[in-house]
Enquirer: 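Once you've had a glance at the structure underneath, I'll fire off some questions.
The shown structure was predicted, so the numbers you read here are calculated from the model rather than taken from an experiment.
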Amino acid sequence: MSAPLSESVVDEQRSSLADDPVLTVFEKGAPGRRAFQCPALDVPAADPEELLPRELRRAEAPRLPELSEPEIVRHYVRLSKRNFDLDSGFYPLGSCTMKHNPRLHERVAALGGHARLHPLQDPEQAQGALELMWNLQGALGEIAGLPHVCLQPSAGSHGELAGVLLTRAYHEDRGEQRHKVLAPDTSHGTNPATVTMAGLDVVKLATNPAGGVDLDDLRAKADADVACLMLTNPNTLGVFDPNIEEIARIVHDVGATLYYDGANLNAVMGLSRPGDMGFDIVHFNLHKSFTQPHGGGGPGSGPIAVSERIAPYLPVPTIVRGEEGAFDLEYGRGRVGSKSIGRLRSFQGNYGCFVRAYAYICSLGADGLKDASETAVLNANYLLAALRERGVLEQLPLAYGDLCMHEFVLSGGPMKRELQIKTLDLAKRLLDFGYHPPTVYFPLLVEEALMVEPTETETKETLDGFADALAAILREAAENPEIARTAPHTTPVRRLDEVAAAKRPVIRQALTVG
Amino acid sequence: MSAPLSESVVDEQRSSLADDPVLTVFEKGAPGRRAFQCPALDVPAADPEELLPRELRRAEAPRLPELSEPEIVRHYVRLSKRNFDLDSGFYPLGSCTMKHNPRLHERVAALGGHARLHPLQDPEQAQGALELMWNLQGALGEIAGLPHVCLQPSAGSHGELAGVLLTRAYHEDRGEQRHKVLAPDTSHGTNPATVTMAGLDVVKLATNPAGGVDLDDLRAKADADVACLMLTNPNTLGVFDPNIEEIARIVHDVGATLYYDGANLNAVMGLSRPGDMGFDIVHFNLHKSFTQPHGGGGPGSGPIAVSERIAPYLPVPTIVRGEEGAFDLEYGRGRVGSKSIGRLRSFQGNYGCFVRAYAYICSLGADGLKDASETAVLNANYLLAALRERGVLEQLPLAYGDLCMHEFVLSGGPMKRELQIKTLDLAKRLLDFGYHPPTVYFPLLVEEALMVEPTETETKETLDGFADALAAILREAAENPEIARTAPHTTPVRRLDEVAAAKRPVIRQALTVG
Amino acid sequence: MLAAIGVGSVQELFDRQVPAPVRLGRPLDLPPGMAEQDVYEHLRELAARNVSAEEQLSFLGAGMYDHYVPSLIDMLMERSEFLTPYTPYQPEISQGGLQVMFEYQTAICELTGLPVANASVYEGASAVASAAYLAKLHNGRRRIVVSAGLHPHSLQTLRTYAHGFGAEVVEVPLKDGRTDLDAWVAAIDDDTSAAIFAQPNVYGAVEDARALSAGAKDAAEPVVIAQVDPITLGILAAPGECGVDVAVGEGQALGNRLDYGGPSFGFFAAREQYLRRMPGRIAGETRDIDGRRGFVLTLQTREQHIRREKATSNICTAQALNALGGVVYLAWLGRQGLVELGELLLARTHYARETLSTLEGAQPLHSQAVIREFALRLDGDVPAIRRRCIAQGVNPGVDLQALTGREQDRGGLLVALTERRTRADVDRLVDVLGAALAAERHTEAVAV
Amino acid sequence: MLAAIGVGSVQELFDRQVPAPVRLGRPLDLPPGMAEQDVYEHLRELAARNVSAEEQLSFLGAGMYDHYVPSLIDMLMERSEFLTPYTPYQPEISQGGLQVMFEYQTAICELTGLPVANASVYEGASAVASAAYLAKLHNGRRRIVVSAGLHPHSLQTLRTYAHGFGAEVVEVPLKDGRTDLDAWVAAIDDDTSAAIFAQPNVYGAVEDARALSAGAKDAAEPVVIAQVDPITLGILAAPGECGVDVAVGEGQALGNRLDYGGPSFGFFAAREQYLRRMPGRIAGETRDIDGRRGFVLTLQTREQHIRREKATSNICTAQALNALGGVVYLAWLGRQGLVELGELLLARTHYARETLSTLEGAQPLHSQAVIREFALRLDGDVPAIRRRCIAQGVNPGVDLQALTGREQDRGGLLVALTERRTRADVDRLVDVLGAALAAERHTEAVAV
Ligand SMILES: Cc1ncc(COP(=O)(O)O)c(C=O)c1O
Ligand SMILES: Cc1ncc(COP(=O)(O)O)c(C=O)c1O
């Protein structure tokens, strides 16, 4: 067995690699190095002043990095190893639907015909792309139960902006200036932020003891000034609102629209459709339910589907199908009486994400999508049961109800009081166990919230292991809370000083601002 | 600063991740799981017995793993993280030429026209591939200074086998049965092993004090029974034999051939050519000099280039160019009087490696290849100087000479005696510093050998860092040799029991043999 | 698993939670699932029905460009560690992604000559709109003055957003291809929140950014916003040097694929005073409790998840992976490489404009300096001329009138170059376009 | 750097070490270097001049097959951690690669029904030759008896090797597509070192492996060697069950690309008694000094770097990365998947043989069971018929006579299927081949 070396010496050895100083790409390399070989000048040399007068020219080249190609590769490969990722471990980040990202999608998205297709290519020469988008629109419309789809928005938040602007356009077209948007206190931050950006005012709705919308509060606030109700269903508590029909009725009765935040669509694909619940507008997060990889914070894609009454206002361009089946882009420009809210971004949206989402839908098909949602809900409930069985829910009770949809929210309140560790400590300690923690401190109305979304692509073994880890951390905290409070202990860095970072922000190399 | 937690507790936390039990893919998953979706049966069902009689059928399905796709991805991604790799750190493994592997090569090799081309595709429909091979042959011939190239061998050792069989064929064709092959004691193990496989006998040559072939010994052994001399030049000591012309003369004078082991070609590309030195046969290691990635131990590719007199015996098929410039494969079959030694493997060789090597040669061009070799030699000499400057050579003297070509060999003898650590200990301690150790205990004639090949793609900063690390380890050993002797301390596993592994080999899951 | 939960079936989980009337009582009307190989075939077949820059000599640009994407970028963007995690909410296990953001921000600051940058926004056009929203938050004014040289998609997106946040958009015309400085200054009044131009503008012309910024400031101190093409910033004066307050743009040219328009990334840089009104994620440097250098998401009190309706933007998921491509591309080019690339484009574009202008029936649309894209005015029907070129395997560029929708752009052709378009390619375009122009003249003559 | 070394120039480093007469005093006669984008274009252009299975409906096989390679394999094989290291000489930092080898060996043992396997050899044909060398080392005998059903490349490679290590190769003919058992037994004498057959053989026929093994053993106890197609081993009796001593083969079908013939991998499995004569790397399980499970290269005293001229083989660099592809593929298929895939191939191949045999001028070459490949005898000139099919975008398979060089194979066409070839594809082949046969009949009739 191991030679007799004192613990502290071994420990010193262990940290030698970790002490590799962290240098940025700007602190590496040497002047003059580069990877790029510029193609030779193959046209006649011309007077620089004639090409671009001195006063328009840059005085000094931007101080970009100067490294050889092997250095660049090594720098970023090494950086990558300082990231936790979904391909390496369980990532039950609530509300984010961290499901497996099949590599097939990367393969098909990389095909030259998709990846090197210019966005202004003439539609006759982009028929494959337009057909793909057409098919994806159709599939998303069917899944939402709302027939009119626009793929353009770049993320969920962008889809929300589109949705609120559509609602405005709808009311304005009818001569109404409604300025309120209702949103429950469980809503995601993008909902109220969007309302403000769209020039309207948020009115917060209370949550009832079952975790749904407080109907009395809704009735009280649903007046003629209300443009829209924004809802997530199942909501961010993992609760499917049992009163959804009544809610829709109330909102429609005052002439307002219903907006469905589709971030939680993974619970209900093929099982229940926003359109059938009475919603007018839905956004999808292709990077959640449809497994566009999250990329460390994007790219995303946030298509929207809308009802008949909202359709006239959809953004341009739209895809149209001609008599002979050929596809074209329709810009609405010059079309008399176009009511479109206009463009939300350049070109046609994040096509690369469409390719992946479409490949996913093709792979799963009707049954597969339903299976996915069923398994997502099964996995969440199993994990909940496994935690219950291990006694974890005693200190971390389920915030609402006893079952859940595809995710659930625990409250760390009792744990904080009884074990003197906070949800943050629990989360940090999970890092030492090789898990990405759940979403923490959201939704805001749950004390010390812990929001767990396992997704359908995880196995029972993984769920059991995670339940064991939570139980172990609670047991450990009962004995020595300090371990969790000072966690993590095994990560490349430990807890970081976020206060200092915000107080005196250093947001670029070697320059202190603010 | 860190909360006051006892060192041993922290230490315990640190190891929690490492203690993740090591399970093989056969120990994961659950019965019935799989990633593969079998396409549906689209032909009429037939009587199984008619299709394949019972007695030819397998009784029980092979016990392959049963995992979901996300599980497989996670298993192998996690395994990958237990590997050190060239994209993450310095890898000065002598004799292996661990130079940077440009990703361009992976991109072009993956193009459908290369990657999905069937090896028996009709030559008219594989003109691009044949032209690529033709061009590569031409380039390798020019680099070697020997015009006739065969790309077929699968690795250096395979090229050696081809070479020795060619030598036999050459002599046999002249009615001679020469049975001896001379090889210096510095030669790589594949050289003597090849000789035996080819049915000839190895005669070992001594090395002179300058690190070259002992000419007296050569003269004494060069007789009419000698078929061939196998030489590496620069040899495995990093020494370019100053007597190479005389050596060639002696060997040719007795009617034998000269074989050049091209593993060290990276020292002399565009600077000195084996053909010009008098060699008849050369093998290339495309996975060394021409940056085919090493893949954890292959694939490789070992083309050979030969002189006029050896050409008639080259393996089949060969590429020929017709009148109109079209390429074809010539199998030599039926060709009256074909003297070819025949095939060495199926099809045309490791074409995927040819694509990469060819892309590399195109990228560098004539000047770039010369630059590469010059920089390889410069880097090796700089590293040697940096070690000298740090006093490292006092305990780890250069085995031969004072300069070197693209690599050099140190002797750990003095270190072992003075500091009580062996070359193995030094190597293991380097792991803690984040370096792949040099080749150790080879060549055999150097006591406690350490063979260092930095390659041209490393920077001065990296070489300085490595020199610092060696110096630090020697200093540390002077104080406490136990640290190196029990190293590594920071790796996923520590020193492994190789004796037990060989004594009672467990070479597959859950089965003990031997 | 069902037993552990205490239900008899998965069905029961839904029965107990989802009211029957809103349950979908039938299978989705979608095709059945397919094996991986079949999905591959299907998507490959769709790809084969597109004519990409892989198959066609293309001079399309107008916001996205067929630059060569170095292969190391693919490798890095496909690494699980960068591809599959989400926003780095847990910095201890996300130092890789956070450091990339920090490096990216640094590179964007260097490019733009501005001191602060965020970690990406969606893309170029909405970045312009977001910059205008920042101006609105900053000064509360209600007019936005915009040069007609702005890319029409940016302009249209700005109009969409501005209608929402309550601002009026006023367009300033061009004069010989550049923003009419007098009209620009005249348009900017005390209620002007932002003054926006593009550099180079959508007609390829290099604007006098210093004069536009100074003129705007002198007139009424609006927030001066420029949409810039990052590939030009090795040789073009940096927005920060020219007095620009907020520089935004489309990052696709920096190491991102065309992807029929996305995903790519938008970049967003500004003067320090706007830092706390910036949209999106920002990574900052700090230390851990052991004193080790590290990075975190910072200034989060600007953001929607903290500030909700008071946030400076609603953006959440942005374009982290594409921004990684951007910073790796800039590192790959290197300091001198960006300059050399700019000079190469400048020279080739000059050559192309000169040579094409010798064709009968083609003249430059304006006389301003151009860097990588320029506009011609053709005698004849541009759609017909383009079709003729395309039939010869050459896409000669963008039909300007179709792009901008402006009647005065009829006859305009916007021709873009990248380092992949050699002199030989330009010469080919000259031949093909020359022939197309001649053929159209002939057709018209016959028709007349 | 030069100063530190103490030389004035790099030139001096060479002047002092390399004698002037063997220096190359001129630049290499090679083109100048090219930028990455230009190399890409050049290699893409070469690729475009090949007709791959991406562009053509192809029934080529005979050793390598156009199976679908699942995309997760690309991802894993391209990970730096698997792609760029060398042989795991330092096990402490190579546990990933070593464990993959161990898993791979286990999978090969499971497939072949044999207890030991190495970590890969170059490819299939040389694996056969290496197995014969093992037999030679084992029993020292000097004859190798080979079924004529062995793939001609294996046979030719064996001859090349055997000439070297000193053994005579004797061919045994087939009877109705299978090895003639009587001739086989008759050929095996006391000096027979090895008896080798292929399963299925190169004509697609399933051999009676039990009879061949038993017959050989009874005759004179040679080492019985089978070259097997791994994709069939979900449904075909395992070599180990059938009395085979050493099973080798080409691994390409398991998750490796066609790559115009390589790189792929050869696999090598044997009975325990041959373990210490196996060629190549072998990974073994062990423990570290802290008791943790780990893997190392083991039994290295067989190998060239330790035993030099006494080594059991000269192999050094093998095919680790390709073997990784192999084991990942097998894990991806899974236990039932391999069986299902085998049944699918069996059914489709049966359908194809039956349907094609209804064509006028085409009949099965033999009546044996076939699994994924079968031989037809065509009336007419096979090269001409093939050309006609190819002109229609269908490559109907391999010209048997061109492959084997055997006169009696004239008229033979070898047709291979994979799971990518659907019934519709087979039906297309039937149409195209039928038309080609008819056209050839017509041409011949006219010529006569
Ligand atoms: C409930 C909910 N709504 C909206 C969003 C915003 O989506 P995106 O990040 O795509 O803008 C999220 C994403 O985190 C979410 O969880
Ligand atoms: C000097 C020398 N010769 C021959 C070889 C054998 O080459 P390969 O591994 O390609 O068979 C090597 C490889 O390590 C070597 O270093």
Side-chain angles (χ1 to χ4, degrees), chain A residues 22 34-36 38 42-43 62 64-65 79-80 82-87 108 111-113 115-119 125 128 154-155 157 189 192-194 198 202 240 270 277 293-300 342-343 345-347 350-352 365-366 368 381-382 385 491 493-494 501 506 508-509, chain C residues 1 4-5 22 28 30 32-33 43 46-47 49-54 60 80-81 84-87 92-93 95-97 106 110 122 125-126 153 156 160 164 257 259-263 284-286 288 293-294 298 304-305 308-309 311 314 317-321 331-332 334-335 337 340 351 423:
Chain A
V22 171
R34 91 268 292 291
F36 172 63
C38 193
D42 52 1
V43 296
L64 295 179
L79 272 191
S80 78
R82 294 166 67 88
N83 262 5
F84 183 90
D85 68 287
L86 180 58
D87 281 352
V108 293
L111 291 166
R116 231 181 129 189
L117 182 62
H118 193 282
Q125 300 200 305
S154 307
S157 59
T194 299
V202 183
F240 193 100
M277 300 175 206
H294 280 95
R343 265 192 183 278
R345 52 161 291 164
S346 41
F347 309 117
N350 284 341
Y351 177 76
N381 281 284
Y382 176 77
T491 47
V493 294
R494 296 179 60 209
V506 179
R508 65 178 169 116
Q509 184 67 48
Chain C
M1 289 172 81
I5 302 170
V22 299
L28 286 170
L30 292 176
L43 276 280
L46 288 171
R49 286 200 276 119
N50 298 323
V51 180
S52 78
E54 203 89 3
L60 291 172
S80 299
E81 292 86 342
T84 68
Y86 207 0
T87 306
E92 298 87 349
I93 53 166
Q95 286 299 300
T106 305
E110 281 297 326
Y122 310 133
S126 53
H153 294 177
Q156 291 158 24
T160 305
R257 314 195 292 218
D259 274 346
Y260 199 47
E285 183 178 337
T286 187
D288 80 352
R293 186 182 189 182
T298 193
Q304 45 75 27
H305 60 292
R308 301 181 65 84
E309 63 271 18
N314 70 337
T317 297
Q319 307 290 133
L321 190 67
W332 181 79
R335 189 177 192 191
E340 287 170 22
Y351 172 79
R423 176 186 180 151

Enquirer: Name the option with the most non-hydrogen atom pairs under 4.5 Å to chain C; the candidates are A/L111, A/V108, A/D42, A/T194.
Expert: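 If we count pairs closer than 4.5 Å to chain C, A/D42 comes out on top.
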
Enquirer: Using a 4.5 angstrom heavy-atom cutoff, name the option from C/P263, C/A125, C/G33 with the most pairs to chain A.
Expert: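 Counting heavy-atom pairs under 4.5 Å, the top option is C/P263.
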
Enquirer: What's the verdict on side chain to side chain contact (heavy atoms under 4.5 Å, CB included) for C/Q319 and A/N350, showing C-alpha distance, side-chain angles and the deciding distance?
Expert: CA-CA 11 Å; C/Q319 307 290 133; A/N350 284 341; 3.9 Å; yes

Enquirer: Kindly say whether A/A193 contributes a backbone atom to a donor-acceptor pair with the side chain of C/N314 at under 3.5 angstrom?
Expert: no

Enquirer: For the residue pair C/E110 and A/P62, what are the closest heavy atoms and their distance?
Expert: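 Residues C/E110 and A/P62, closest heavy atoms: O-CB, 3.6 Å.
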
Enquirer: Would you mind telling me which of A/A385, A/G342, A/C38 has the largest number of heavy-atom pairs within less than 4.5 Å of chain C?
Expert: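 Option with the top pair count is A/C38.
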
Enquirer: Between the side chain of A/R343 and the main-chain N/O of C/Q156, is any donor-acceptor distance below 3.5 Å?
Expert: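 No, A/R343 side chain to C/Q156 backbone: no donor-acceptor pair under 3.5 Å.
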
Enquirer: Give the member of A/G112, A/G352, A/G300, A/A155 that has the highest number of heavy-atom pairs under 4.5 Å with chain C.
Expert: A/G352

Enquirer: Taking all atoms of both residues into account, what is the closest heavy-atom pair of A/V22 and C/R293, and its distance?
Expert: O-NH1, 2.9 Å

Enquirer: Examine whether an atom of C/T298 lies under 4.5 Å from a heavy atom of chain A, and if so say whether it belongs to the side chain, the backbone or both; otherwise answer neither.
Expert: side chain

Enquirer: What's the separation between atom CE in C/M1 and atom CG in A/N381, rounded to the nearest 0.5 Å?
Expert: 9.5 Å

Enquirer: Go through C/D259, C/T286, C/T87, C/L30 and name the one with the most non-hydrogen pairs under 4.5 angstrom from chain A.
Expert: C/D259

Enquirer: When only pairs under 4.5 Å are counted, which of C/R49, C/R335, C/E340 shares the most heavy-atom pairs with chain A?
Expert: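 Ranked by heavy-atom pairs under 4.5 Å with chain A, first place is C/R335.
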
Enquirer: Taking the side chain from C/T106 and the backbone from A/Q509, do they hold a donor-acceptor pair closer than 3.5 Å?
Expert: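 Yes; judged by distance alone, with no hydrogens or angles, the pair exists.
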
Enquirer: What orientation do A/H294 and C/Y86 show, parallel under 30°, tilted 30 to 60°, or perpendicular over 60°?
Expert: tilted

Enquirer: Please flag which part of C/A47 lies under 4.5 Å from any non-hydrogen atom of chain A: side chain, backbone, both or neither.
Expert: both

Enquirer: Look at A/A35, A/S154, A/S80, A/P293 and state which one has the largest set of heavy-atom pairs under 4.5 Å with chain C.
Expert: A/S80

Enquirer: Which one wins on heavy-atom pair count under 4.5 Å against chain C: A/T491, A/L86, A/V43?
Expert: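 Option with the top pair count is A/V43.
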
Enquirer: I'd like to verify something: which residue of A/R116, A/M277, A/R345, A/H118 has the highest number of heavy-atom pairs under 4.5 Å with chain C?
Expert: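 Top option by heavy-atom pairs under 4.5 Å: A/R116.
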
Enquirer: How long is the gap from CD on C/E81 to CG on A/D87, to the nearest 0.5 Å?
Expert: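 CG of A/D87 is found 8.0 Å from CD of C/E81.
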
Enquirer: Checking C/N50 side chain against A/G128 main chain: does a donor-acceptor pair fall under 3.5 Å?
Expert: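 Looks like yes, one N/O pair under 3.5 Å.
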
Enquirer: If we define contacts as heavy-atom pairs under 4.5 Å, which of C/H153, C/H305, C/E54 has the most with chain A?
Expert: C/H153

Enquirer: Do A/S157 and C/T317 come within less than 4.5 Å of each other through their side chains, counting heavy atoms only?
Expert: no

Enquirer: For A/G295 and C/A320, work out which heavy atoms get closest and say how close.
Expert: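 Closest approach of A/G295 to C/A320: O-CB, 3.4 Å.
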
Enquirer: What are the two closest heavy atoms between A/Y382 and C/I5, and how far apart are they?
Expert: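 Scanning both residues, the minimum pair turns out to be N-CD1, 3.5 Å.
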
Enquirer: Side chain, backbone, both or neither: which part of A/V202 has an atom under 4.5 Å from a heavy atom of chain C?
Expert: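 Interface part for A/V202: side chain.
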
Enquirer: For A/G113 and C/S52, work out which heavy atoms get closest and say how close.
Expert: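 Minimum heavy-atom contact is CA-CB, 4.1 Å.
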
